[in-house]
Amino acid sequence: MGSQIEPPDGGCKAWLIMICSFLVNGIVFSIINTFGILFVKLKADLEESGDEDAAFKCALVGSLAIGSTFFLSFFAGILSDKIGLRTTSVIGAIIATVGLGLSAVYHNRIEVLYVTYGLMFGTGASLAYNPSLTVLGLYFKKHLGMVNGFVTAGSSTFTIILSFINPYILNNHGLLPCLIFLTCLSSLLIICGLMFSPITKKEPPPVPSLASETINTVSLVERFIYVENWRNKRFIIWAMATPCALFGYFVPFVHLVQFAKNIPLDSDDNTNGQKAAFLMACIGITSGLGRLFFGWVSDLPTFRRNGNRILLQQAAFFSMGICTMLMTAAPLCTGFEYQTLLTICCIMGLFDGCFVTLLGPIAFDLCGSAGAGQAIGSLLALFSIPMTVGPPIAGIIYDKVGNYAPAFLAAGVPPIVGSLLMFAIRRVQPKEDTGDKEDMDNGEINQKDNGDDALKNELYEHGQSTSTVAA
């Protein structure tokens, strides 16, 4: 749908879309990323009632939230294609806000939180979040990496803010006011979603006529799913390798605060909790910087060519795996436990920013603008399984062993394995119509925008044939 229109790469509407996408990413993922702070309070309340599986049960709430956020992204991509980005995002925002509101009402019932916080908020977040990434490709092209970097930095910015606000509210007022605050924050997603309208365009005649001619021969599946993505071997490898890397990704976000408090970082219990919570803020700060920096780096010609942005993502996964494992060494650094964890969290945050900010640009590189929306949705849906499974398994290990070291060591292995599997993408030749080729030819075509249509088509066909020969 957006493939027929040249993104304006600027203008009032484009910048407004970018800011709203920034807010959506910030609100959705700051709530998810700072669940580790709520986890400590929920776990303490459950343990007071004598529950022996408190860590597992509380971790499951956060895992269901992020799992459903990612799992339903594929559905969100299809829904966006059918009813529009704006409608999908607004519906999601309403569901997420209602889910958090009900979580506040039933905050002392863990089994209800599985549904309200885990499933309802996760479902709404998914429908609100997917359009916020897809819409960027309709308004930006030359600087898509930089714009994605800015937008995804929203989650880091808001994670930093909530890392201070949530502990303050929890310590001084309790869980109920904290969830009410998060409900109010989530309601802003509705306003942002209203902005996600596609570019007003003159309808190109070929597209509707082609669809009407072939609609009777297209299978039911192809009416809803952009099957070209699943004929693209490079995308399939990326879509298989990336989830493999994520089995341990979300473990630190859920368990890091509790892990740090157990060391402990300070003899005073209140200070110990504050230092542990600040580690999440630290990851958020450096993740934001990483998103901006690697967003800029990914727009350099070297990385825009031949799907080379994937190399940056591989380096990010490998580094995050090492950092997760190194966290277990912090208790051995007697007297410097806090400084050790701070350093590791800073490095981990930088590469987390790299991984996140490249999802959108790589999807456009591999699948082009026509398939990018569903490519992002499919990928996030595949993320849901490893990201849902990881934290509860870590919680089970902690409940049985009484130590987070085995869980964090195991969580560091999948990102390293996933980064190595992604080398297989380099063995497959890119398709003729990938986003890479579109980007490379774009400059030449744009220089002749004022020429007549016949000359423009001639130049485009010439660009296709020469780039195919070069490949």
Side-chain angles (χ1 to χ4, degrees), residues 24-25 27-39 41-43 45-46 51 53-80 87-132 155 162 175-176 178-187 189-190 193 243 246-247 249-251 253-254 377-396:
V24 170
N25 276 257
I27 293 167
V28 166
F29 283 102
S30 64
I31 292 174
I32 289 173
N33 290 344
T34 56
F35 176 76
I37 296 169
L38 300 183
F39 170 84
K41 175 65 175 170
L42 286 169
K43 179 173 170 288
D45 290 346
L46 269 187
D51 198 314
D53 299 319
F56 166 72
K57 289 181 177 178
C58 294
L60 187 57
V61 176
S63 289
L64 284 172
I66 195 165
S68 51
T69 298
F70 286 131
F71 179 71
L72 292 170
S73 288
F74 180 60
F75 171 71
I78 295 173
L79 197 62
S80 296
T87 307
T88 303
S89 190
V90 170
I91 290 172
I94 293 170
I95 294 172
T97 304
V98 171
L100 286 175
L102 291 173
S103 297
V105 174
Y106 298 102
H107 66 279
N108 55 353
R109 297 182 59 184
I110 194 74
E111 65 279 1
V112 176
L113 291 179
Y114 293 149
V115 176
T116 57
Y117 192 105
L119 298 179
M120 286 186 68
F121 169 70
T123 299
S126 178
L127 298 180
Y129 168 67
N130 186 274
S132 77
S155 67
L162 291 194
L175 187 58
L176 175 59
C178 188
L179 287 169
I180 292 173
F181 164 71
L182 295 180
T183 304
C184 296
L185 190 62
S186 177
S187 66
L189 295 174
I190 301 171
L246 294 178
F247 274 97
Y249 170 80
F250 200 51
V251 169
F253 287 95
V254 172
S378 319
L379 197 68
L380 296 180
L382 290 169
F383 288 179
S384 66
I385 298 170
M387 296 183 84
T388 303
V389 167
I393 290 177
I396 290 171

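Not measured: the values here are computed from a predicted model. Computed over heavy atoms, backbone and side chain alike; hydrogens, waters and symmetry mates excluded.
- Atoms CD1 and OG, from Ile31 and Ser186 in turn, are 5.5 Å apart once rounded to the nearest 0.5 Å.
- The shortest non-hydrogen separation linking Ser30 to Ser155 is CB-O, 4.2 Å.
- Using a 4.5 Å heavy-atom cutoff, the side chains of Leu60 and Leu64 are in contact.
- Summarising the geometry, atom CZ belonging to Phe253 is positioned 10.5 Å from atom CZ belonging to Phe29; distances are rounded to the nearest 0.5 Å.
- Note that CG of Leu79 is 4.0 Å distant from OG1 of Thr88, once rounded to the nearest 0.5 Å.
- Residue Thr183 holds its OG1 atom at 8.5 Å from CG of Leu102, rounded to the nearest 0.5 Å.
- Residue-environment remark: CZ (Phe71) stays at or below the threshold of 12 foreign heavy atoms within 6.0 Å.
- The nearest pair of heavy atoms linking Phe121 to Val28 is CZ-O, 4.0 Å.
- Sorted by first and then second residue, the salt bridge (charged side-chain N to carboxylate O under 4.0 Å, His left out) pairs with a member in residues 107-119 read Arg109-Glu111; sequence neighbours excluded.
- Taken from OG1 in Thr123 to CG in Leu72, the straight-line distance is 4.5 Å, to the nearest 0.5 Å.
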### Task
Run the numbers on Leu113 and Leu42 for side-chain contact (heavy atoms from CB on, under 4.5 Å), then give the verdict.
CA-CA 11 Å; Leu113 291 179; Leu42 286 169; 3.8 Å; yes
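- Ring pair Tyr117/Phe35: centre-to-centre distance below 6.0 Å.
- A heavy-atom distance below 4.5 Å is not found between the side chains of Val61 and Leu38.
- Here CG of Leu175 is found 5.5 Å from NE2 of His107. Values are rounded to the nearest 0.5 Å.
- A pairwise comparison of heavy atoms in Leu127 and Gly92 identifies CB-CA, 3.5 Å as the closest pair.
- When all heavy atoms of Leu46 and Lys57 are compared, the closest pair comes out as CD1-CB, 4.1 Å.
- Contact annotation: the side chain of Ser132 approaches that of Asn25 to within less than 4.5 Å [non-hydrogen atoms, C-beta and beyond].
- By the 4.5 Å heavy-atom criterion applied to side chains, Phe75 and Asn130 are not counted as neighbours.
- The side-chain hydrogen bond (donor to acceptor under 3.5 Å, both in side chains) contacts involving residues 66-75 comprise Ser73-Ser126, where partners must be two or more places apart or lie in separate chains.
- No side-chain heavy atom of Leu100 sits less than 4.5 Å from a side-chain heavy atom of Phe181.
- Between Thr97 and Leu189 there is no side-chain heavy-atom pair separated by less than 4.5 Å.
- Contact of the Leu162 side chain with the Leu182 side chain is registered, since non-hydrogen atoms from C-beta on lie closer than 4.5 Å.
- Residue Ser89 comes nearest to Gly193 through the heavy atom pair OG-CA, 3.5 Å, listed as atom of the first residue, atom of the second, then distance.
- Nearest heavy-atom pair, Met387 versus Phe70, reported as atom, atom and distance to 0.1 Å: SD-CE1, 3.1 Å.
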